[in-house]
Amino acid sequence: MSTTSIDSRLLSFGELLGGNNSYSVPSFQRDYSWTETEVEQLWQDITETLDEGRTEHFIGSIVVNNSRKPELQLIDGQQRLSTISILMCVLRDIAKEQGDNQLAQEISGKYLGSLNLRTRKTEPKLVLNDNNNLFYQENIVESKGIESLRQIAKNKQLKKSSQLIINSYLCLYKLIQERMKKSLDLGEVLIQLEECVRDKLIAIVIAVADEANSYLIFETLNDRGLDLSVADLLKNYLFSRAGNHIKEVQSKWAEINFRADNFELTKFIRHYWLSSYESVTEKDLYRKMASKLKTSSDVLNFLNGLSEAAQVYGALENSQSFVWHSYDVNVKYDLERLNIFKVSQCYSVLLAAKDNLPAELFPKFLRMIVILSFRYSVICGYTPAKLESAYAKIVKYIREQKPKTAKAIFEQLKEIYPKDTEFGNSFAQKILGANSSRLARYILSEINSYYTGSKELVANPNGTELNLEHILPQTPKDSWLVELSKIDPNLYIYRLGNMTLLDSSVNRKLGNNSFQDKCAKAYQSSKLKITQEILDYPVWGPKQIEERQNKMAKAACQIWRLDY
């Protein structure tokens, strides 16, 4: 790699942001992603530098493409630079609150934007990517005020990255206020923080005129120990191999990145690789891909496939996606079931199936995966490693053999299908904690449908209308504890045999009443078979819970089964 177009130098952030250069985050770069953990670490670096009297603090490297000076494209370092810019916005706003408009104007002009004498408009020093920039400029750079920002932060419709931007602002605002409370000279606190950023925060800035070289440098820095995700590394590798197709590759990556807003990009790329190429661990993913994707044609073909898969991958967690509009409603129910189970290992298999199986076979295969996931992962809790190995084999089988029947596929999966004996035994002992109410409602709904002989199975009962009821209450009264004096109630409260379903309006009135009160005031009037059967028990304790759960286990073996 030629170094004639590479310039590297140590610069303070005052020099970095205070000059004539501006910085832009390309559209293909990932969105703002720092959480409060990273923001607080930056704050700790700054305050320790001040409190310990250090002359400087090295904050890492920043890689830019300087082919269009004075506008520099950020290849690496956007999260740090964005957060420091947010910090300067906070300092400016607090200076205004303190009545120090001169300091506020100094910070604004030096770090946030400079006046263009020709247009007489303020041009921002930092432009974020297309997903983030408008929100950042209108709400953070333009200074909405702390109360307005607190209200905006409560908006549940905000994009994840916009929420993170505003959270970073609020976090830094709180930290600065806490530091100011410890000082008699509030203005001095702000000046010290500005001076620390200006003079003591040091970065090595690597400027490269050639675009491909900038991505190779990014990769080299990672080899030296920087904490970068596989997706970051892969993106930069693909860009470095794009040749004359760089704009097309960047555009395709931006499209994928946009679709990946609702799922983890690295996990998706690995699942796609498993579904289309070969088995690989996340640790080896980058190395494997770099060994196979050598030419610009390889890169383009890969990204085209990845882009198509991203649409399906996102739809696996969204049963209402247009991807499923041509399928029977049971496909949507089964996708909701997988989300209730919180399983994602199967996504690589489902990607392969969607791409290689006949359309009429996919719903049967999806149902097979639902039953297998429920038996293997949800109830038996077996090791994911064995499941992943089996999935790798079935992916290869589907990709190469393109089977035409569900029975042929099941033959490849039956080694990991828990038999009735092991599944029934595990079900009979199953405990579902307080955070598993959605799963418990699903299981009880399916069992109730089986008891009543209804073929219409409810995948996800509405939790606001149909409550999960613990017969032995989660906080039992003394009357309950007297009856259970010889055992720990916590061993039985979260057993499936101790759970049922009740209309929410009734359930709220019951609380931790006695068993007899619950039967008389609620269970007796319930129309659900699974709740009515509780009336058959004159008392309620460990013996009854175990007996009821054993009955449920026998039903479960019939409900969640594959007969091929």
Side-chain angles (χ1 to χ4, degrees), residues 1 26-31 33 63 75-76 211-261 263-314 316 344-356 385 388-389 391-396 398-400:
M1 181 174 68
S27 60
F28 53 78
Q29 292 280 30
R30 66 176 174 171
D31 294 347
S33 61
V63 180
I75 305 302
D76 182 37
E211 198 151 23
N213 276 353
S214 62
Y215 302 118
L216 290 175
I217 286 173
F218 181 96
E219 181 181 333
T220 302
L221 288 171
N222 183 71
D223 288 340
R224 302 297 181 265
L226 289 180
D227 184 19
L228 303 171
S229 75
V230 173
D232 286 328
L233 279 173
L234 175 62
K235 173 196 70 179
N236 286 279
Y237 175 79
L238 295 175
F239 290 174
S240 71
R241 293 292 185 273
N244 294 331
H245 299 292
I246 184 67
K247 297 301 179 188
E248 191 177 350
V249 167
Q250 288 174 344
S251 175
K252 187 61 69 175
W253 184 269
E255 181 183 307
I256 293 165
N257 211 30
F258 176 76
R259 287 178 175 168
D261 189 51
F263 53 80
E264 187 184 329
L265 187 55
T266 298
K267 187 166 81 170
F268 158 59
I269 294 171
R270 177 170 175 260
H271 280 154
Y272 173 69
W273 193 265
L274 289 167
S275 74
S276 302
Y277 294 87
E278 60 190 328
S279 180
V280 65
T281 63
E282 184 174 316
K283 181 180 178 181
D284 288 337
L285 179 60
Y286 173 75
R287 182 179 58 81
K288 286 270 191 181
M289 298 178 85
S291 70
K292 281 192 179 290
L293 307 177
K294 296 291 189 182
T295 68
S296 59
S297 295
D298 293 338
V299 168
L300 278 174
N301 289 336
F302 171 75
L303 285 176
N304 284 330
L306 191 67
S307 178
E308 290 178 15
Q311 205 164 62
V312 176
Y313 196 84
L316 291 175
S344 60
Q345 268 187 303
C346 57
Y347 285 3
S348 61
V349 194
L350 292 174
L351 284 177
K354 184 74 172 62
D355 202 35
N356 293 280
E388 177 140 322
S389 175
Y391 279 162
K393 291 178 185 176
I394 194 66
V395 162
K396 188 171 186 290
I398 289 173
R399 200 169 57 233
E400 294 178 357

Is there a side-chain contact between [X] and [Y] (heavy atoms, below 4.5 Å)?
| X | Y | value |
| --- | --- | --- |
| Lys288 | Leu285 | no |
| Val249 | Leu300 | yes |
| Gln345 | Tyr391 | yes |
| Glu278 | Lys292 | yes |
| Val299 | Phe302 | no |
| Arg270 | Leu274 | yes |
| Phe263 | Leu316 | no |

For Phe239 and Ile246 the tightest heavy-atom approach is O-CD1, 3.5 Å

Between Ser275 and Arg399, what is the shortest heavy-atom contact and its length?
O-NH1, 3.1 Å

Taking 4.0 angstrom as the limit, do Glu255 and Arg259 come out as a salt bridge?
yes

In Å and rounded to the nearest 0.5 Å, what is the [atom1] to [atom2] distance from [X] to [Y]?
| X | Y | atom1 | atom2 | value |
| --- | --- | --- | --- | --- |
| Cys346 | His271 | SG | NE2 | 8.0 Å |
| Glu388 | Thr281 | CD | OG1 | 9.0 Å |
| Ser307 | Asn257 | OG | CG | 11.5 Å |
| Asp355 | Leu350 | CG | CG | 12.5 Å |
| Ser251 | Ile256 | OG | CD1 | 10.0 Å |
| Ile269 | Leu234 | CD1 | CG | 5.0 Å |

Can you check side-chain contact (heavy atoms from CB on, under 4.5 Å) on His245 and Glu248, steps first, answer last?
CA-CA 5 Å; His245 299 292; Glu248 191 177 350; 3.8 Å; yes

Set out, in order, the CA-CA distance, both residues' side-chain angles and the distance that settles side-chain hydrogen bond (donor to acceptor under 3.5 Å, both in side chains) for Asp298 and Thr295, then state yes or no.
CA-CA 5 Å; Asp298 293 338; Thr295 68; 3.2 Å; yes

Could you walk me through whether Phe268 and Tyr347 pass the side-chain contact (heavy atoms from CB on, under 4.5 Å) test, one step at a time?
CA-CA 9 Å; Phe268 158 59; Tyr347 285 3; over 6 Å; no

Please test Leu265 against Arg30 for side-chain contact (heavy atoms from CB on, under 4.5 Å), starting from the C-alpha separation and ending with a verdict.
CA-CA 10 Å; Leu265 187 55; Arg30 66 176 174 171; over 6 Å; no

Would you please test Ser296 and Arg241 for side-chain contact (heavy atoms from CB on, under 4.5 Å) and show each step?
CA-CA 6 Å; Ser296 59; Arg241 293 292 185 273; over 6 Å; no

Proximity of Tyr313 and Tyr272 rings by center, below 6.0 Å:
no

Does Asp284 use its side chain to pair, donor to acceptor, with the backbone of Val280 at less than 3.5 Å?
no

